[in-house]
Number of protein chains: 2
Amino acid sequence: MTESPLPKFRRRKAERPGEIVAAALDVFAEKGFAAARLDEIARRAGVSKGALYLYFETKEDLFRAVVHDVVAPKVRPVAEGAAAMDAPFEVVIRAALGRLAGLLNSDRRVGAVAKVVIGESRNFPELARIWKENVLLPGITTMTGVIARGQARGEVKPGDPRLYAFGFIGPVLVSMLWRETFVPVGAEPIDVERLVEQHLDAVLGGLLT
Amino acid sequence: MTESPLPKFRRRKAERPGEIVAAALDVFAEKGFAAARLDEIARRAGVSKGALYLYFETKEDLFRAVVHDVVAPKVRPVAEGAAAMDAPFEVVIRAALGRLAGLLNSDRRVGAVAKVVIGESRNFPELARIWKENVLLPGITTMTGVIARGQARGEVKPGDPRLYAFGFIGPVLVSMLWRETFVPVGAEPIDVERLVEQHLDAVLGGLLT
DNA sequence: GCGTAATAACTGACCGGTCGGTTAGTTACG
DNA sequence: CGTAACTAACCGACCGGTCAGTTATTACGC
């Protein structure tokens, strides 16, 4: 017999954090925060539970890394891309909501983690804070700016831009919550693309000057 | 010494279930489903944990009673009241959304339990089923009927009434989630009444024929 | 090159505390 | 008294976090 060529583990300091964060995103999206098991995250990342604590202080710290390193980089470009467009308001807002719907369709884990934040923020306020700072405020601020710019150009009726922003994105978010929460127990699915189109036709018909 | 005149407990078979359900609503609204402790529900209801199991089979069974006996009776009249109105569509929809906003403002536990359902449905699908059947389907069905009636009367543009329903209630629900989730960690509050007014002005301006 | 000592990445068993649900026994009350 | 409402102690399973020990890898002496 030659020596056993099968090491029990490898030392891969550089790759571990990314792999752990990726596994954590999957498990948090599937189970929520409290119900996510660190043993399972470790198993999926191919390490032992103890190794998690070499790279992250606590479970909340790991969640912060998930939002900061993976979720936020997916969401931010949606709003920023719209803000950077130099086009009539109607074109910009249609692009923005279309991209948002596309993102929520292409990676269901984003919506799933949003659900987690909503559902567990009372027991873990830190989750709400993390989400607010990394995802929500950048998105809302940019969106509000786009609407205000439309008003300054005389394209959009007067009114609180922030409330208009809720009017635009509310139905999209609710349709995502519907899909994640009630479709699995038999509710009729919603066609988000059509919802966005019909909603914008309705709102813009009344909102544009 | 005479005999101790202070009984350790009273036998109150008729009142117990209602008191337990009321306590359970409070605790579920505060902590969520998984994190709600049966000991605490029992304590607030003035009984021992064992007594809970004289009236309810499991924790999920208790949650079902909360939704069926307390939450649904608060929500159903909102939609049904609107459906029963014989008035122009604009009046009916304004009344419906106004009452919904009023309900969510007057008893925050309703919104809090909705959050619980959203956040924990993946781990406890039964919660979603209970909410869907007791709250959601009655509400959506009635709402869709109101919109379809408006279309039949020629007051509302053509289009899928169900998608319009999401367009109407989406912003209200999102503002409730915002209040429950992010205002406690420092986000700017929203004036729901104004949101409803401004949103309806915008949508109806484009939606009415 | 080649053994070997030093280092740190990593493992896995373990602990204290928690909680849904059970049940043996106690008490109110007709 | 009889009985059923009620209590309180209990159980088994679970899990975040810890840490003593193991092993891959590197540094170094020769």
Asks: Among dC6(D), dC10(C), dA9(C), which nucleotide has an atom closest to any side-chain atom of Lys13(A)?
Replies: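 Comparing dC6(D), dC10(C), dA9(C) against the side chain of Lys13(A), the answer is dA9(C).
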Asks: For a salt bridge (Lys or Arg N to Asp or Glu O under 4.0 Å) with Glu19(B), tell me which candidate from Lys13(B), Arg44(B), Arg12(B) qualifies.
Replies: Arg12(B)
Asks: What's the CZ-P distance between Phe56(B) and dG20(C), to the nearest Å?
Replies: 16 Å
Asks: Under 4.0 Å: is that the gap between some side-chain N or O of Arg10(B) and OP1 or OP2 of dA28(C)?
Replies: no
Asks: Nearest whole Å is fine: how far is dG20(C) P from Asp39(B) CG?
Replies: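 Asp39(B) atom CG is separated from dG20(C) atom P by 7 Å.
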Asks: Atom CZ of Arg43(B) to atom P of dC19(C): distance rounded to whole Å?
Replies: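 Rounded to the whole Å, the gap is 13 Å.
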Asks: Which part of the nucleic acid does Tyr55(A) contact within heavy-atom distance under 4.0 Å: base, sugar-phosphate only, or nothing?
Replies: sugar-phosphate
Asks: Given Phe124(B), which of Trp131(B), Phe33(B), Phe63(B) fulfils the ring pair (Phe, Tyr, Trp, His ring centres under 6.0 Å) condition?
Replies: Phe33(B)
Asks: Rounded to whole angstrom units, what separation is found between the NZ atom of Lys31(B) and the P atom of dG20(C)?
Replies: 12 Å
Asks: Answer yes or no: is there a donor N or O on one side and an acceptor on the other, between the side chain of Lys59(B) and the main chain of Ala34(B), under 3.5 Å?
Replies: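 Judged by distance alone, yes, a pair lies under 3.5 Å.
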Asks: Can you tell me the distance, in whole Å, between the CG atom of Asp61(A) and the P atom of dG17(D)?
Replies: 10 Å
Asks: Does one side chain, of Asn105(A) or Arg179(A), offer a donor that lies under 3.5 Å from an acceptor on the other?
Replies: yes
Asks: Would you mind classifying the nucleic acid contact of Ala36(A) as base, sugar-phosphate or nothing, using non-hydrogen atoms under 4.0 angstrom?
Replies: sugar-phosphate
Asks: How many Å lie between CZ on Phe33(A) and P on dC15(D), as a whole number?
Replies: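 Checked: the CZ to P distance equals 14 Å.
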Asks: Nearest to the side chain of Tyr53(A) - dA9(C), dT22(C), dG16(D)?
Replies: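 Out of dA9(C), dT22(C), dG16(D), the nucleotide with an atom closest to Tyr53(A)'s side chain is dG16(D).
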Asks: Indicate the ring-plane relationship of His199(A) and His199(B), choosing parallel, tilted or perpendicular according to the 30° and 60° boundaries.
Replies: tilted
Asks: What is the separation between atom CD1 on Ile41(A) and atom C1' on dG17(D), rounded to the nearest whole Å?
Replies: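 From Ile41(A) CD1 to dG17(D) C1': 14 Å.
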Asks: Taking OP1 and OP2 of dG16(D), is either one under 4.0 Å from a side-chain nitrogen or oxygen of Arg37(A)?
Replies: yes
Asks: Between the protein and nucleotides 11-13 of chain C, list the N/O to N/O atom pairs that are separated by less than 3.5 angstrom.
Replies:
from, atom 1, to, atom 2, distance (Å)
dT11(C), OP2, Ser48(A), N, 2.6
dT11(C), OP2, Ser48(A), OG, 2.8
dT11(C), O5', Ser48(A), OG, 3.4

Asks: Lys115(A) side chain to Glu120(B) main-chain N or O, any donor-acceptor pair under 3.5 Å?
Replies: no
Asks: On DNA chain C, check which nucleotide each of Arg12(A) and Leu38(B) is closest to and give me the residue with the more 5' one.
Replies: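 Closest to the 5' end, via its nearest nucleotide, is Arg12(A).
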Asks: Mind jotting down which residue pairs meet the side chain to side chain donor-acceptor pair (under 3.5 Å) criterion with at least one end in residues 71-81 of chain B? Sequence neighbours excluded, please.
Replies: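 For residues 71-81 of chain B, and leaving out neighbouring residues, the side chain to side chain donor-acceptor pair (under 3.5 Å) pairs sorted by first residue read Lys74(B)-Asp107(B).
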